[in-house]
Amino acid sequence: MQKELPPAYEPKTVEETIYALWDRSGYFDPDNLPARHKKPFTIIMPPPNANGSLHIGHALFVTLQDIMIRYQRMQGKKTLWLPGADHAGFETQVVYTKKLEKEGRSFWGMPREQLYNEIKDFTLANKKYMEGQLKKLGASCDWSREKFTLDDNIIDVVYQTFEQLYNDGLVYRAEKPVNWCTKHQTTLSELEIKHEEKLDKLYYIKYQLQEVKGQMSKVKSYIEVATTRPETIPADIAIAVHPKSKWSTFIGKNVLNPLTGTAIPVIADAHVELGFGTGALKITPYHDPADFAIWQDHRTEITATPFSVIDQFGKLTAEAGADLAGLKVVPAREKSVELLRPHFAKEPEAYQHQVAVCYKCNTTIEPRIMMQWFVKMTEKPARKGQKSLRDLAVEAVKSKKIKFIPARYEKVFMHWMKNLHDWNISRQIVWGIRIPVWYCADQRTAVCKEKEGVIVTTKQPTTCPHCGGTSLTQEQDVFDTWFSSGQWPFATLMANKPGDFKTYYPTDVMETGWDILFFWVARMTMFGIYRTGKIPFRTVYLHGLVRDKERQKMSKSKGNVINPLEVADQYGTDAVRMALIIGTTAGNDPIISEDKIRGYRNFANKVWNASRFVLMNHRELSAKPKFTTEDKKSLKDLAAAKKKITGYLNKYDFNHAAETAYHYFWHTFADKVIEQSKERIKSDNAADAAAAQAVLLEIISESMKFLHPFMPFITEQIWQMLPGDPRGLLMVEKW
RNA sequence: GCGCCUUUAGCUCAGUGGUAGAGCGUUUCAUUGACAUUGAAAAGGUCGGAGGUUCGAUCCCUCCAAGGCGCACCA
């Protein structure tokens, strides 16, 4: 008889001890696994942003990945689950500056170094806290290989990639239209802006034909132009009309800017929609990317140099004229409307359209022309026989070298790939990896002049390699975080123990949220193949966004947030894990509520008490048990359940695997097998009682195995109490 | 505009070309026995609508409706 077991499972007293037991065993590190673990199975953990604490969404990914790792470890794989943390450049700087605001401080005017160091302290503190949280959730990852996105050796790898891209002509510097957030004072990529429905007005403005000596216009003496942004009219440098529009007679003539009186040419361009507005479009290259493109196509006809009338804070500049200068965009619009009223062709119309806004703060994005670094996504590199970044990824997916779960995301992935544009990777923030570019002010040779003094190198230079000059300054901008995290699978392995890259790359599964399919998975696919010639992962498993019972997104403001650590404390980590997995299918948003967690707490208790019953009635067998037909059926059912679970796990169908285990254990084993055994155990027929007990023990033992990936703590605890000495760890037991 | 997804029991969700499933909830009964964090049972669905393919459709195809989401330089 074992020592007295409490009648209810007490997760609190078990979890910490069990995690320490695993940790001490060293088995998280694949190098320490027994010899039978040969074939590697690798998951690189998506590094959580170290700017807060883990939420229930993190608990979901931890559970999914831990299930895969624990299952494969028991299957005899050499399992590596490599943890990490992300400095999350822009996101963390936003969080931190908000924190400063709350404290009544401002980052504005703070020296770069100081802000960087403060955010660094903040991030590292969060990172440490999150590691503890991951352990609490049972993550069986290899802490000895943990990586941070700002580790020196990670940055080295990122710099090498940048240099290679530059040498291949896939990275370039150019003055192009970019998305500018006037609040955050940085540019953003196409993925970091959203489009919002907005009700604005469409203004119809007359641009008078410039009077030419001795010539009178016969029909109309003006072009009507429709615009939503009259405040940018001072920066107009042309009017474009469709060649077949009613304004075609104006092509080649000049019209007068209604605000400045400047003469600007009328040009023909088929991009102008005939059916929209008036069929005439004002060309304001510095404030509209489409206009910028049209200007580039017509540089010979348009003699004026484009310029900007809005500054980095969203205020009109002196070039906009005395009436508008100093006003913010919205008041400037009102003022310009007032000034333009005499030039109205007709009354403004209400106009519903999509406006680009910052995905963080919803501030309207101001298109600006800025000198930035870009990655070419669709063009071939300079090297012979090489494919564009896009084609590398598209081919890997098309050829099924990379598979998506669920498969429908393959289409979503491909659709995005179709519409790719060059990627702006410069950010005007301090928290991040400084772009490894230096500018030479001396430019003493023709080579240096030709390269515009640009030096791209992985190590800080002291002299200019082009001209020997010494006046070097480093690029101020940092990388878009996704430029570096897009290299995570190979960077973490290259920057780790010697031989790791060779052994563990390509990795097996990338398990992450569908919301970062483009941000992250697409970039990892492209960079992974570009840098290593191999796909970074074979399977992409996508999970959804955890929602509450009312399908609401969890947010602090709604007060519906479930803190995974709190509920784990209350109901046990195993219960939280089960609640996250059962009823959840890949790619769909899981629904979770406290009721559901409570339900699986009850299940954990059932597991505890069934085991308690078996242990209480256990006696050492004196002879080989004689199984009845009933016993044989019970063992057959057990084998069938296990086979089903194994099949589901192999298909990454964790929902059904967990549900089958749950259903078998509770409603077949506990409700039927145990109930039926009670009479036999009590009976005088010792041999039959022994057979019944042997069946129970066998089922408990096997059940702990197939429940382990889902409920690691309670199963390991019970495993340790089962008879048999010495007992190894269930964690590395053969499946 | 282009594209993707969803629609199944009161609720949350699974699922299959052959008489519909789970959990929770509801109702009835039982029981201090490993577990009341329990057990036994019941009620409850023309599987969004209309066509089509098929011996047979909740499942495959087409159209429609409602909802969700992604992409997109129509001023």
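All values below were derived from every heavy atom in this structure, side-chain atoms included, with hydrogens, water molecules and symmetry-related copies excluded.
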[X] side-chain proximity, nearest of [options]:
X        : options             : result
A:Ala290 : B:C73, B:A22, B:C74 : B:C73
A:His353 : B:A75, B:G39, B:C35 : B:A75
A:Ala226 : B:U37, B:A34, B:A75 : B:A75

With sequence neighbours excluded, residues passing ring-ring contact (aromatic ring centres under 6.0 Å, His included) with [X]:
X        : value
A:Tyr648 : A:His656
A:Tyr286 : none
A:Phe292 : A:Trp295
A:Tyr9   : A:Trp608

In whole Å, what separates the [atom1] atom of [N] from that of [M]?
N     : M     : atom1 : result
B:U16 : B:C59 : C1'   : 7 Å
B:C2  : B:G48 : C1'   : 25 Å
B:G21 : B:A9  : P     : 14 Å
B:G52 : B:A57 : P     : 11 Å
B:U54 : B:C71 : P     : 42 Å
B:U8  : B:G39 : P     : 30 Å
B:C63 : B:G25 : P     : 43 Å
B:C64 : B:C55 : P     : 28 Å

Would you tell me if any nitrogen or oxygen in the side chain of [X] comes within less than 4.0 Å of OP1 or OP2 on [N]?
X        : N     : answer
A:Asn602 : B:U38 : yes
A:His421 : B:C73 : yes
A:Tyr351 : B:A75 : yes
A:Lys194 : B:C71 : no

Do any pairs count as a salt bridge (charged side-chain N to carboxylate O under 4.0 Å, His left out) and have a residue in residues 576-587 of chain A, sequence neighbours left out, and if so which ones? A:Asp66-A:Arg577

Hey, could you give me each pair passing salt bridge (charged side-chain N to carboxylate O under 4.0 Å, His left out) that has a residue in residues 230-244 of chain A? Not counting sequence neighbours. A:Arg229-A:Glu231, A:Glu231-A:Arg333, A:Asp236-A:Lys282

Mind checking [X] for me? I need base, sugar-phosphate or nothing, with any heavy atom below 4.0 Å counting as a touch.
X        : value
A:Ala670 : base
A:Val272 : base
A:Ile582 : nothing
A:Phe518 : sugar-phosphate

Would you say A:Trp520's side chain and A:Pro46's backbone share a donor-acceptor pair under 3.5 angstrom? no

Looking only at atom types and distance, does a side-chain atom of A:Arg601 sit under 3.5 Å from a main-chain N or O of A:Ala575, one as donor and one as acceptor? no

Within this structure, what is the [atom1]-to-[atom2] distance between [X] and [N], rounded to whole angstrom?
X        : N     : atom1 : atom2 : answer
A:Glu273 : B:C74 : CD    : C1'   : 5 Å
A:Glu410 : B:G70 : CD    : C1'   : 17 Å
A:Trp416 : B:G70 : CH2   : C1'   : 12 Å
A:Lys596 : B:U12 : NZ    : P     : 12 Å
A:Tyr9   : B:U38 : OH    : P     : 17 Å
A:Leu580 : B:C13 : CG    : P     : 14 Å
A:Ile283 : B:A75 : CD1   : P     : 13 Å
A:Phe413 : B:C71 : CZ    : P     : 14 Å

Please identify each residue that fulfils side-chain contact (heavy atoms from CB on, under 4.5 Å) with A:Leu545, with sequence neighbours left out. A:Arg547, A:Lys553, A:Asp589

Expected rows: protein N/O vs nucleotides 14-17 of chain B N/O, under 3.5 Å:
{"unit_1": "B:A14", "atom_1": "OP1", "unit_2": "A:Thr585", "atom_2": "OG1", "d": "2.5"}
{"unit_1": "B:A14", "atom_1": "OP1", "unit_2": "A:Asn588", "atom_2": "ND2", "d": "3.0"}
{"unit_1": "B:A14", "atom_1": "O2'", "unit_2": "A:His656", "atom_2": "NE2", "d": "2.5"}

Whenever both distances are under 3.5 Å in a Watson-Crick or G-U wobble pair, mark it; put RNA chain B into dot-bracket that way, with [ ] for crossing pairs and | when the partner is on another strand. (((((((..((((....[..)))).(((((.......))))).....(((((..]....))))))))))))....

For A:Glu197 and A:Gln354, does a side-chain donor sit closer than 3.5 Å to a side-chain acceptor? yes

A:Tyr600 vs A:Tyr571, ring pair (Phe, Tyr, Trp, His ring centres under 6.0 Å): CA-CA, chis, key distance, verdict: CA-CA 8 Å; A:Tyr600 292 105; A:Tyr571 300 109; over 10 Å; no

Flag this pair as yes if the NZ/CZ of [X] is under 6.0 angstrom from the six-membered ring centre of [Y] and inside a 45 degree cone about the axis; otherwise no.
X        : Y        : value
A:Lys642 : A:Phe706 : no
A:Arg523 : A:Trp423 : yes
A:Lys201 : A:Tyr351 : no

With nearest nucleotides of RNA chain B determined for A:Ile674 and A:Leu274 from heavy-atom distances, which residue corresponds to the more 5′ nucleotide? A:Ile674

Judged by nearest nucleotide, the residue sitting upstream toward the 5' end of RNA chain B, A:His271 or A:His195, is A:His195

Check: A:Tyr409 ring centre within less than 6.0 Å of A:Phe413 ring centre: no

Base B:A34 paired with A:Lys678 side chain (donor-acceptor, <3.5 Å): yes

Classify the side chain of A:Glu190 versus the base of B:A72 as yes if they form a donor-acceptor pair under 3.5 Å and no if they do not. no

Charged N to carboxylate O below 4.0 Å: is that the case for A:Glu15 and A:Lys12? no

Atom pairs under 3.5 Å, N or O on each side, protein against nucleotides 2-4 of chain B: can you list them with distances?
none

Suppose we screen for salt bridge (charged side-chain N to carboxylate O under 4.0 Å, His left out). Which residues come up paired with A:Lys400, at least two apart in sequence or across chains? A:Glu410

Please list, pair by pair, any protein nitrogen or oxygen found under 3.5 Å from a nitrogen or oxygen in nucleotides 41-44 of chain B.
none

